[in-house]
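Protein chains get the first letters and strands the later ones, always in sequence-line order, with residue 1 at the start of each.
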Protein chains: 2
Amino acid sequence: MATIKDVAKKAGVSIATVSRVINNSPKVSEKTRQRVLEVIRELNFMPNIIAQGLQTKRTNTIGLIFPDATSYYFAEIIRGIIGVVQKQKYHVVISSSHDENDELRTLISMLQSGRVDGMVLMMPTITDSKFLKHTLKNFPVVFVCTNIKTSRSTSVIIDNFNGAKKVTSHLIEHGHRRIGFIHGSPNNFDSRERYRGYLSALANAGISKSELYEARGNFTEQSGFNAAMELFSQPSPPTAIFAANDSMAIGAIEAAKRLSLNVPNDVAIVGFDDISTSRYVEPALTTVRVPVFEVGEIVGKIILKHLSGEGGSVEEKIVIPVELVVRKSCGCKES
Amino acid sequence: MATIKDVAKKAGVSIATVSRVINNSPKVSEKTRQRVLEVIRELNFMPNIIAQGLQTKRTNTIGLIFPDATSYYFAEIIRGIIGVVQKQKYHVVISSSHDENDELRTLISMLQSGRVDGMVLMMPTITDSKFLKHTLKNFPVVFVCTNIKTSRSTSVIIDNFNGAKKVTSHLIEHGHRRIGFIHGSPNNFDSRERYRGYLSALANAGISKSELYEARGNFTEQSGFNAAMELFSQPSPPTAIFAANDSMAIGAIEAAKRLSLNVPNDVAIVGFDDISTSRYVEPALTTVRVPVFEVGEIVGKIILKHLSGEGGSVEEKIVIPVELVVRKSCGCKES
DNA sequence: ATATCAAATGTAAACGTTTACACTTTAATA
DNA sequence: TATTAAAGTGTAAACGTTTACATTTGATAT
């Protein structure tokens with residue numbers, strides 16, 4: 001591989017001049033610039049990015065830390081981010097993590113080892129935010145679906161609260177009073193917020209909350225199935241269920257079918273996220289659409305903003321609006 | 001951020017010794033090792049990975065180039081790769097690309113700029129393999145779903161041919177003779193291979209191929225819908241359709257419904273991939289299961305093998321077996 | 001022709017590591 | 001005790017860039 005020295009020698013100039021050409025410095029005459037460019041082409045030279053990084057302290061790389069889970073959700077967010085930052089010549093390195101310790105370890109190593117200029121963190125179950133705030137001091141970060149604030153961060157979060165409130169209210173409008181809730185993974189930010197929205201809708205309607213109608217899942221279809229089974233086994237089971245995500249709602253529909261309960265007549269079931277399968281289940285799932293790809297694009301833009309130095313003017317928090325998608329599983333007729 | 005110099009000074013040793021401690025060199029006494037380790041902990045020191053890379057010429061990074069598409073397929077492969085290589089302290093940088101030029105540009109820049117030690121390339125529509133072979137000479141690469149051979153590569157490919165043959169033969173066993181095929185994106189390797197399998201099954205059964213029963217799609221649901229509409233408009237339309245992937249098969253089912261054709265009675269429809277939605281469509285889709293996550297893991301292991309230097313013993317080509325998944329859309333009864 | 005100044009170019013240090021080689025200490029052997 | 005080998009440590013160059021500063025070149029004004 002050709003280095004800047006080879007180019008300099010062949011073009012008969014110093015390496016400084018070659019460097020200036022590479023970096024479009026105006027302080028080089030047109031004539032030499034052309035000569036150097038020609039040699040660069042001949043030798044197929046590309047500046048070694050590692051050496052550049054050592055000097056300039058910039059890697060043009062953004063680190064992403066995401067949960068290790070099969071998920072349309074994460075995949076689309078990542079796609080959105082990559083699309084945006086790649087246009088600005090940034091690269092993206094992805095780490096996935098199984099648990100919080102894992103996450104923090106990777107995070108710190110990426111940070112301290114100088115591998116990335118900024119990071120995108122998707123750690124929906126983070127608990128030790130104090131430690132995080134300390135290690136991320138003055139480092140550009142965007143948090144996705146986690147409401148944390150550090151000295152140079154912004155949080156991009158879904159409007160879980162209002163989405164959940166809307167879809168729960170919709171069930172109430174259908175006349176339901178005994179509405180069950182299936183929680184997502186413990187400590188998960190989205191799940192907690194959706195639960196708050198659910199409670200708020202109940203409160204608005206003057207329905208007193210009953211823990212009898214709550215069950216715990218972990219966002220998987222199987223857990224939704226189990227949770228629904230549990231709810232259905234109550235003495236007076238709920239007539240409607242709101243699951244904290246679509247996968248669990250689909251599991252709940254399976255559970256209803258298993259017990260020969262008709263959805264939506266015997267029990268209405270709704271979810272959250274609008275994953276692609278939701279259109280196709282029988283009955284089609286009423287849910288809340290999250291514009292996942294767009295979230296990724298926004299996240300990408302924000303991290304670029306942080307990195308471009310205009311630190312002061314970056315938003316601290318962005319809330320992504322969310323849309324009710326009415327299909328059949330709530331009891332609405334064909335539209 | 002603390003550097004090796006700071007550590008050396010504080011521990012009262014030379015930077016060489018610190019370096020030796022970092023790299024677990026045996027040539028350092030237990031006593032000094034402990035002292036240095038303590039200082040490292042105190043100062044929260046981590047070696048700068050960029051500087052290390054400049055010296056050692058290794059970045060501990062693997063580059064992935066993937067098509068920019070929403071796809072369970074790609075997402076799972078990537079997840080599989082990350083899971084495996086992360087365990088060996090490798091990082092992963094992902095680029096997505098819209099078209100072939102795009103791909104090649106990114107590829108070359110990653111390569112020449114010294115950013116990655118090896119690459120995973122998913123370029124199912126690559127045409128200019130000569131150029132590719134030239135620029136990848138002696139560089140560790142694994143191709144996914146592309147049958148190319150360079151001096152240090154291996155190709156990991158799905159057994160598209162046999163999968164397609166099996167599912168087509170299954171339709172033939174159901175008594176179908178007029179079987180349509182919906183192609184995927186033009187030049188796509190998987191699509192071409194699946195087409196070959198389809199033809200082979202027809203030939204085996206003594207059915208002469210008819211271009212009347214072929215239509216072109218691009219792997220999206222919409223394109224499947226359109227292609228199926230085209231097939232159905234023939235004077236004597238096919239009684240069965242094999243779409244080159246599940247998304248298009250699902251589109252085809254929609255098309256059948258639009259024309260009030262019963263699936264599978266009026267027309268049987270099958271796909272390929274077994275995406276998660278396929279279980280849920282009505283009727284549930286008969287298809288070919290591709291163990292996508294496992295493909296990712298295999299790819300990860302192979303690239304690690306290439307990088308670990310045991311170059312000679314790495315397979316040139318790995319074919320992933322594939323499994324027929326019989327559901328209802330082919331005409332089979334409830335199992 | 002000379003002095004002045006701007007523009008162009010070159011020199012060399014710096015970035016934070018690794019590592020070959022040289023040197024010093026320690027321990028073992030005669 | 002003197003000699004030698006082994007183990008431990010340090011010195012300095014190297015990796016491929018960028019960039020402050022110094023130097024050279026060329027043009028312009030006198």
Side-chain angles (χ1 to χ4, degrees), chain A residues 1-40 43-61 89 91 109-117, chain B residues 1-40 43-61 89 91 109-117:
Chain A
M1 208 101 306
T3 75
I4 202 174
K5 271 189 198 161
D6 303 323
V7 176
K9 182 180 287 178
K10 183 152 188 184
V13 297
S14 72
I15 61 170
T17 300
V18 178
S19 175
R20 282 190 270 260
V21 171
I22 295 168
N23 296 287
N24 293 312
S25 159
K27 335 206 84 206
V28 39
S29 76
E30 199 47 33
K31 208 172 59 185
T32 42
R33 175 187 306 283
Q34 288 311 331
R35 182 151 34 94
V36 170
L37 283 177
E38 194 178 333
V39 175
I40 286 178
L43 297 184
N44 234 304
F45 166 78
M46 286 199 85
N48 181 303
I49 232 165
I50 302 292
Q52 282 183 324
L54 186 56
Q55 259 295 339
T56 60
K57 311 273 189 206
R58 309 200 81 221
T59 61
N60 274 273
T61 304
K89 305 284 180 204
H91 289 249
S109 93
M110 276 199 179
L111 222 75
Q112 311 228 9
S113 63
R115 188 186 274 284
V116 299
D117 298 337
Chain B
M1 208 102 307
T3 76
I4 202 175
K5 271 189 199 159
D6 304 324
V7 176
K9 182 180 288 177
K10 183 151 188 186
V13 297
S14 73
I15 60 170
T17 300
V18 178
S19 175
R20 282 191 270 260
V21 171
I22 295 168
N23 296 289
N24 293 311
S25 159
K27 336 208 80 205
V28 39
S29 77
E30 199 46 34
K31 210 171 59 183
T32 40
R33 177 187 306 283
Q34 289 310 331
R35 183 150 34 96
V36 170
L37 283 176
E38 193 178 333
V39 175
I40 285 177
L43 296 184
N44 233 304
F45 167 78
M46 285 198 86
N48 180 304
I49 231 165
I50 301 293
Q52 282 183 323
L54 185 56
Q55 259 294 338
T56 61
K57 310 274 190 206
R58 309 200 82 220
T59 60
N60 274 272
T61 304
K89 306 285 181 205
H91 290 248
S109 93
M110 276 200 180
L111 222 74
Q112 312 226 9
S113 63
R115 188 186 273 283
V116 298
D117 298 336

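Among residue pairs with one or both ends in residues 21-31 of chain B, those qualifying as salt bridge (Lys or Arg N to Asp or Glu O under 4.0 Å) are B:Glu30-B:Arg33; sequence neighbours excluded.
With sequence neighbours excluded, the residues satisfying side-chain hydrogen bond (donor to acceptor under 3.5 Å, both in side chains) with A:Thr32 are A:Ser29. Residues satisfying the salt bridge (charged side-chain N to carboxylate O under 4.0 Å, His left out) test with B:Arg58, not counting sequence neighbours, are none. Taking the side chain to side chain contact (heavy atoms under 4.5 Å, CB included) definition, one finds that A:Ser14 meets it with A:Ala16, A:Thr17, sequence neighbours left out. In this structure A:Asn23 satisfies the side-chain hydrogen bond (donor to acceptor under 3.5 Å, both in side chains) test together with A:Ser19, sequence neighbours excluded. For B:Thr59, the side chain to side chain contact (heavy atoms under 4.5 Å, CB included) partners are A:Ile50, B:Thr61, B:Asp117, not counting sequence neighbours.
We find the CD-OG distance between B:Gln52 and A:Ser113 to be 8.5 Å, quoted to the nearest 0.5 Å. Atom CE of A:Met1 and atom NZ of B:Lys57 lie 10.5 Å apart (nearest 0.5 Å).
Listed in residue order, the members of residues 28-35 of chain B having a heavy atom less than 4.0 Å from DNA chain D are B:Val28, B:Ser29, B:Thr32. Near DNA chain D, defined here as any heavy-atom distance below 4.0 Å, the residues from residues 43-60 of chain B are B:Leu54, B:Gln55, B:Lys57, listed numerically. Interface residues of residues 109-117 of chain B facing DNA chain D, ordered by number: none; criterion, heavy-atom separation under 4.0 Å.
In summary, contact between chain B and DNA chain C, defined as any nucleotide atom under 4.0 Å from a heavy atom of the protein, begins and ends at C:dG16 to C:dT19 in the 5' to 3' direction.
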Taking only nitrogen or oxygen atoms into account, show me every contact under 3.5 Å that the protein makes with nucleotides 20-23 of chain D, one pair per line with its distance.
none

Next on the checklist: Would B:Phe45 and B:Ile22 count as a side chain to side chain contact (heavy atoms under 4.5 Å, CB included) here? Give the steps.
Outcome noted: CA-CA 10 Å; B:Phe45 167 78; B:Ile22 295 168; 3.5 Å; yes

Item to check | Derivation of the side chain to side chain contact (heavy atoms under 4.5 Å, CB included) call for B:Ile49 and B:Asn60 | outcome: CA-CA 9 Å; B:Ile49 231 165; B:Asn60 274 272; 5.9 Å; no

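Formation of a donor-acceptor pair under 3.5 Å by the A:Arg35 side chain with backbone atoms of A:Ala11 is found in this model.
When all heavy atoms are compared, the tightest approach of B:Arg20 to B:Val28 is CB-CG1, 4.5 Å.
Across all strands shown, A:Thr17 has heavy atoms under 4.0 Å from sugar-phosphate atoms exclusively, and none from any base.
Between A:Ala2 and B:Val13, the residue anchored closer to the 5' end of DNA chain D is B:Val13, taking for each the nucleotide with the nearest heavy atom.
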Donor-acceptor list for residues 2-10 of chain A side chains, cut-off 3.5 Å, not counting sequence neighbours:
from    : atom 1 : to      : atom 2 : distance (Å)
A:Thr3  : OG1    : A:Lys5  : N      : 3.1
A:Asp6  : OD2    : A:Thr3  : N      : 2.8
A:Lys10 : NZ     : A:Glu42 : OE1    : 3.1

